[in-house]
Amino acid sequence: MVTVAVVVDTPQHSTVRGALSYDAQVPLPAGSLVQVPLGRRTVCGIVWPQGPQPEPGVELKPVGEVLTQLPPLPAAWCALVEFAAGYYQRSVGEVAHAALPADLRKLADKQLALRLKKLAKLQPAGGTAPALPTLTAEQDAALAGLTGDAAQVALLHGSTGSGKTEVYLRAVARALDAGRQAMVLVPEINLTPQLEARFSERFPDRVIVSLHSGLTPAQRLRHWLAAHLGRADIVLGTRMAVFASLPRLGLVVVDEEHDPSYKSQEGARYSARDLAVYRGKLEGATVLLGSATPSLESWHQAERGRYLKLAMPTRVGGGVLPRVRFVDMNHVPKDVAHSHALSPPLLDALQRRVAQGEQSLVLLNRRGYAPVLQCLECAWKSGCPHCSAWRVFHRVDRTLRCHHCGYTERVPSACPECGNPDIQPVGRGTERLEEQLAVSLPGARVARIDADTTRLKGTLEAQLASVHAGEVDVLVGTQMVAKGHDFRRVTLVAAVNPDAALFSSDFRAGERLFALLMQAAGRAGRDAGQAERSVMLVQTWHPTHPLYAALRAHDYDAFAADTLKEREMAGLPPHAHLALLRAEARTQEAAQAWLAAASSTADEIGASAAGVTLYPPVPMSVARVANIERAQMLVESGSRPALQRFLSQWLPQLHALRGEHKALVRWAVDIDPLAI
DNA sequence: AGCACGCCGACT
DNA sequence: GTCGGCGTGCTC
């Protein structure tokens, strides 16, 4: 009999934190999947490289079935999971099991053998490789910088249209030629099909699989196994793919590395981009981070020489970035300006495009018809009964919808408070903008793309195809349309009402706005013939704001330098490191009381002496969601290790504290939070 | 999280 | 007299 350490799926709120010990007949290799008894049930476990010694005298239960058909998970995979669990303060079991396909856990050894046999026959799509495009001097230089040295991290700062994807393709080709596997991450599931098409065309003799939440459980298992067995050469996917098991990983590409989607917002709140960098170090793989507007975290690392900076400022094929012009809303008629509607210069520009048969893209980051309805007689507004937020008026189906809890009702025909039939929309969303454009531009074909029009699978593709086919003159949309789609005939991009982000309490709002507008600008003038006439129009009350000055000059470097200086002075990332302790309770008082108690515990273990500062508990900006009150507390330190050391001391104490707070529903910690 | 055990109200 | 409410406590 030998003792083996096994991790099982135990969530955060559990006293089981590390591996458990079991008896086995023979030593089992680390990374093997096993069935083990846990309490009264049998669960899937993973044999772990090391675990705590079992208490002497404790009777150990025996390991059940071992999945001998499955090659054990590589040591590097276990190390990545262990690091992620430690860094994001979750149990190893939770992170490990969340990283595996759900179906794998249910499989018996025999069924597995069958699946593996089928996979052995997996063949590349076939076909002939296309002729390679000639590289620009900038692409050449970027690729020359990628030496293929172990654990190199490179930040590819390339303008929209500078040909970043071609650099990815060449870098992947090199990794494959060296007998290694490549992983390519994209922020959104929407972007995987077009990337997959691009890679299959370039690598017809390679096996390519995708990993994202849109796959069926069976597909996910198949793709995961293909990667794990080394049958797949290329893995494309969203943030979850960073945990794929790849025995020969040689390259990780993180496209649009600044995108907030890489940060998980539930369970272990990991950053796939940060884990990709860590993973590259672990496995001696090159990591290539690409963006037109890098995150300030990555930019800062590059400036400090930790990452290699590769710059591609020029558009391929002679395209130039559109001229950026501002419509000063202080100078347009008051009634128009006040409703943030379409200014005469913008309408004029749109009309001209329609007349010339060119396309326009109008951006408004707000779904629905109007963000709130209001009674003209009394003070009634369309608040959500369950949340501290307004319900949004959706005109298509005549509903009031809460975007936080989903609570939906038919819009009332009269004010529910005073019976006055005159209730009116306040402000505007994409629905209302679409309607207004249709009225203002008679004869123009206006279409809208946002989360509401693309709810059904495949509708986004269909709508984009109709835009590409030239069936649309003016496309209205949220940030969804600014991401990655290559519109050849767009010569005007307009931002209707972007100012709010300039004065947001969220310190990253400016960074996100700049990225969004730069990305949107990149949608125009992709075609060299039209590039000269291409314009981005921004309606603003603050045309002299530094963010807009940087946007006008397409000058990311200036924006980054300004913002990094501000962050340094304010003690914010990347110059400081943050964690958020969040609490949800029946009442706001209970939520804050728990945080206050947590704060006292932190004082007792000497937070400030450890270089860690705790701020007072505050309600979250939307304090109540689905009748649960939410509060949070910011924890900050100039040193990442100091913050980590403190958290690993503090959090176990908070588990113990939990019992004394009956009204507390749940709590969680978010390391490196995106918004505070 | 499951899935127990455990101690108090309306039914065959 | 039992079925079952979900309160707290453990899982090698």
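In what follows, chains are A, B, ... by sequence order, proteins preceding strands, each numbered from 1.
Rounded to an integer number of Å, the gap from NZ of A/Lys662 to P of C/dG9 is 8 Å. Look at CD1 on A/Ile46: it is 17 Å from P on C/dC12, rounded to the nearest Å. Residue A/Leu38 contributes atom CG, which lies 14 Å from atom P of C/dC10 at whole-angstrom precision. Residue A/Arg41 contributes atom CZ, which lies 8 Å from atom C1' of C/dT11 at whole-angstrom precision. Atom-to-atom, CG of A/Asp9 to C1' of B/dC3 comes out at 15 Å; the value is rounded to the nearest Å. Between the NE2 atom of A/His655 and the C1' atom of B/dA1 there is a distance of 13 Å, rounded to whole Å. Between the P atom of C/dC12 and the CD atom of A/Gln50 lies a distance of 21 Å, rounded to the nearest Å. Atom CG of A/Leu60 is separated from atom C1' of C/dT11 by 13 Å (rounded to the nearest Å).
At most 12 heavy atoms of other shown residues, nucleotides or ligands fall within 6.0 angstrom of atom CZ in A/Arg366.
Checking B/dG2, C/dC12, B/dC5 against the side-chain heavy atoms of A/Arg40 singles out B/dC5 as nearest.
For the residue pair A/Ser261/A/Asp259, the side-chain donor-acceptor check at 3.5 Å is satisfied.
Ring pair A/Trp667/A/Trp594 is tilted by interplanar angle, where 30° to 60° counts as tilted.
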Q: Apply side chain to side chain donor-acceptor pair (under 3.5 Å) to the pair A/Gln653 and A/Gln649, showing each step before the final yes or no.
A: CA-CA 7 Å; A/Gln653 304 219 23; A/Gln649 266 189 288; over 6 Å; no
